[in-house]
Each structure stands twice: as C-alpha cells, then as structure tokens.
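In what follows, a structure is listed as structure tokens, so that the remarks can point back to it.
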There are 2 protein chains.
Amino acid sequence: MSSNKIDTRSRILKASLELLEASHGRGVRMSDIAKRAKLSRQAIYLHFTTRAELLIATTHYLDEIKGAQNRLEASRTALTGTERLDAFIAAWGGYIPEIYGIAKALLAMSDTDQEAATAWSKRMQDMREGCQAAIDALYRDKKLSANYSREHATDILWTMLSIRNWEQLSIECGWTQKQYITMLQTTARRIFVVDGAGI
Amino acid sequence: MSSNKIDTRSRILKASLELLEASHGRGVRMSDIAKRAKLSRQAIYLHFTTRAELLIATTHYLDEIKGAQNRLEASRTALTGTERLDAFIAAWGGYIPEIYGIAKALLAMSDTDQEAATAWSKRMQDMREGCQAAIDALYRDKKLSANYSREHATDILWTMLSIRNWEQLSIECGWTQKQYITMLQTTARRIFVVDGAGI
DNA sequence: CTGTCAATTGACACTGTGTCAAGTAAGGTG
DNA sequence: CACCTTACTTGACACAGTGTCAATTGACAG
C-alpha cells in the first residue's frame, strides 16, 4: 500500500531520468514518462503536482543515486589550495556529463517556469560554494593572484565551470572529458595561482 | 503598394526587436508583436512564415541597425596580436548587451526548433571566426602559449566570450560592463599570451 | 468599374499541461 | 463475507500559443 505508492514514485523518477539522459533533456513529455513508467499520464499528477516539480525531484533522485554530495566534498580533504582547486574541478567536471540531460531540461523550463528557475538557481548556488571554498583555500595559502578579489575570482571560476561551457566544449567542439578537465585545471592555475602555471 | 509592404515588414521587425529587448527575450508572443506593430496577429504570417523566421529576421535587422559587421571588423586593424585580442574582446563584449534580448529568445527557441538552432549556430560560428583570427594573429607574433594548439585556444576563447558567460557575470553576479571587459582582456592575456600577463 | 493587393475577422486544428469526475481492481479490516 | 480505502484508469475538458484557412473589406490603379 504505502510502499506501493513509494514504488510508483520511484518508477516515475527512474523513467524520467532515463528519458532525460537519453534525449539530452529535449522533448520529453509527461506522456512519454508515463508510458515508460507504465502508468497513465494523469497518474503522474498523483505524485507530482507539476512537470517542474517532477524535474526537480528527478535531480534529487539523481544526486542520491550518484552520491553527488560525497564526490564533491572529497575535494575538501586536499592539503594545499592548488590541490583543492584541481580536485574540485575534477570532481565537478566529472559530474557534469552525468547530470547533463536533466540539467538541460530544468534549464529550458527555467525560461518559463519560476519554480524551475528557483530550483536551478539554488543548485548553481550550491556549486558556487565549492568554488568559493577552493578560492578561499588558495587565498589562505597566499597563492591567489592579486589581480582578483576573492569574490571576483569565485565568480570567474563559477562561470568557467558552468554546464553551458562544458556543453560548448564537449558537444560543440568535440573535446574529450580528459581534455576538458585538464584544460580547466591548467587554465585555472594560470589565472588564479601566483607562480603556479605548472606544466 | 510595394513600399507599403516593406513598411509593414519593418514595422513588425521593429516591434519584435523592441519587445525582445525590453523583456530580455522572455514571453514575447506573436500576438504581442502584432499588437505593438498595430496589425492583426495573422497578418504577421503574411510576412514571416513562422515565429522562428521572424526571430531570425529580427537578428539581421538588429545587425543592420547596429552596424555589427563594422564594429567587429575594426579589431582587424590592430597591429600586434595582443592588441587584436584586446580589441576583439572589447568589440564583441560591447556588442553582447545590445543583442542579449533577441539572442536569448533565439536560444530558447533552439531547444525545440531546428530552424532557430541552425540560425543561432551560424551566428556563433561567425563570431568564432573572429576568435580564430585573434588567436592566429597571436600565433604569428609567436606569442601564443605553448599550452594550447591554435584550435584549442580558439575553442577556449570562443567559450569564454559566450553570451551565457556574459549573462552569468553581468546579470547574476552583477558585474559592470567595464569589469566584464577588463577581466576578459586580463584573463585572456594570462591564458594565451606568452610573457604577457600585463596587469 | 473592375481587378489587385494588404490586411482583417472569425473559426479551427494541433500540441502539451493540468484538472476533474466517474469507475475499477486489490487489499486490509470489521 | 461485506465494506472501505487506496492507487490507478479512463475519457472529457479548459487553457495557452502557434499556425492555417476562407470570406470579407478598403484602397488604389488602370
């Protein structure tokens, strides 16, 4: 009974996620999700009040499955600021391909739906905290370039790591995931780290 | 008669542009454009076959008004590669706020409409040529960092200069236009130019 | 006076979201 | 066993926005 309800909810989330991943977030309708979850379109509304709510719930479901929290927090254990920057870029950059489909869908909805826009904004704000922490670590090590305030440096790193940028480089320019991560690490060092060009 | 027809077409384009600029490209319907151009919604379809076509025509109309071509080509006269990089960033970066509304609308349509996606992609490809030219100029001066191939450097510059990045920094982070341009110039130098950190 | 052309008007098809009411099938409880 | 609740189904419908169509109007030109 009540476990039955939970089952169905998960089944819907699973169907939603699979479709969004497969389609890069495009053109997935409530009826498609229903079909894949093997119930009627209307039944979805017994579990989620709107499409936006379903998409948002799908992102949480995804996080749970992929252990997003743990992966991103791993970078906190890095010793030096530079290592932490590298680790955060690797963690987040590695996570993007896994969330790309649902992210794209939520982003598209944000254009018209306030609820979706708020949810998306919150997620990006969470990610920003990771950027902030990495920049702060660099600052504590006295390694942050004098060109930027901590705030501006955070803004820049946050922007560099945006999903849109990953999309452009990976999908439009055809970069491999390794090229993407390596470039970001190299570039971030060149930009932010005093004397830290590396190579 | 025939000049009458042209008049109406321009009136529609003007209305479309004004609404898109004012609304940052969001929620502008055919009926809104019709109202502002003072004709019936259906009459628009006598001049443009679809909404996508109207949006695309609006971008061309905008380019014409703002003299996009000339402004972007001005950077070609710069003497050194570094100057050219600076000039191109300033020219394009300065152009973005003017096209933001219509760009956003076209971008939103690209999610569902193939025609819009193609038109958008073409525009971005044109802009990419400017990036390519700046990177090539740097390369000819033997100033391009050995970290990147010319192709990859172009990809990176192209991505840095994306409208989405401008949007994030300006609108979400609250940067001024001057801060945006200066940061990009400084950062591009740090990334691409051998020995060219500057300040 | 007639033909042409731009535009209007009202109606309608289509897609996708969201709602509602009535009905059904299954399971638990008296 | 009969009864009730719960999850779900079915079919219908409202709504928004795009795009189409046919019939009509008004103006101007030859």
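In the text below, chain A, chain B and the rest are named by the order of the sequence lines, each starting its count at 1.
The closest donor-acceptor contact from the side chain of B:Q179 to the backbone of B:T176 lies under 3.5 Å.
One interatomic measurement links the two molecules: CD1 of B:I12 to P of C:dA6, which rounds to 12 Å at whole-angstrom precision. Rounded to an integer number of Å, the gap from CZ of A:R51 to C1' of C:dG16 is 9 Å. Rounded to a whole Å, the CZ atom of B:R11 is 11 Å from the C1' atom of C:dA6. Between A:F48 atom CZ and C:dT17 atom C1' there is a gap of 16 Å when expressed in whole angstrom units. Atom-to-atom, OH of B:Y45 to P of C:dT8 comes out at 14 Å; the value is rounded to the nearest Å. Across the protein-nucleic acid pair, B:L39 atom CG and D:dG26 atom P stand 18 Å apart, rounded to whole Å. Residue B:I44 contributes atom CD1, which lies 13 Å from atom P of D:dT20 at whole-angstrom precision. Atom CG of B:L55 is separated from atom P of D:dT18 by 10 Å (rounded to the nearest Å).
Across C:dG18, D:dC8, C:dT8, the shortest atom-to-atom separation from the side chain of A:T50 is found for C:dG18. Residue A:Q42 has its side chain nearest to C:dT19 when only C:dG18, C:dT19, D:dC21 are considered. Comparing D:dG19, C:dA7, D:dT9 by their nearest atom to the side chain of A:L46 picks out D:dT9.
Every residue two or more places apart in sequence or in another chain was checked for a side-chain hydrogen bond (donor to acceptor under 3.5 Å, both in side chains) with B:Y61, and none qualifies.
Between the side chains of A:Y148 and A:T154, no donor N or O sits under 3.5 Å from an acceptor N or O. One side chain, B:Q177 or B:W166, offers a donor N or O that lies under 3.5 Å from an acceptor on the other. There is a side-chain donor-acceptor pair under 3.5 Å between A:D63 and A:Y95. A donor-acceptor contact under 3.5 angstrom links the side chains of B:S145 and A:R190, judged on distance only. Looking only at atom types and distance, the side chain of A:S121 has no donor-acceptor partner in the side chain of A:Q125 under 3.5 Å away.
In this model, the phosphate group of C:dA7 is approached by a side-chain N or O of B:T8 to a distance below 4.0 Å at OP1 or OP2. Considering only side-chain N and O atoms, B:H47 lies under 4.0 angstrom from the phosphate OP1 or OP2 of C:dA7.
Residues of residues 24-37 of chain A that place a heavy atom closer than 4.0 Å to DNA chain C, in numerical order, are A:R29, A:M30.
Residue side chain B:R41 does not reach the base of D:dG17 through any donor-acceptor N/O pair under 3.5 Å, judged by distance alone.
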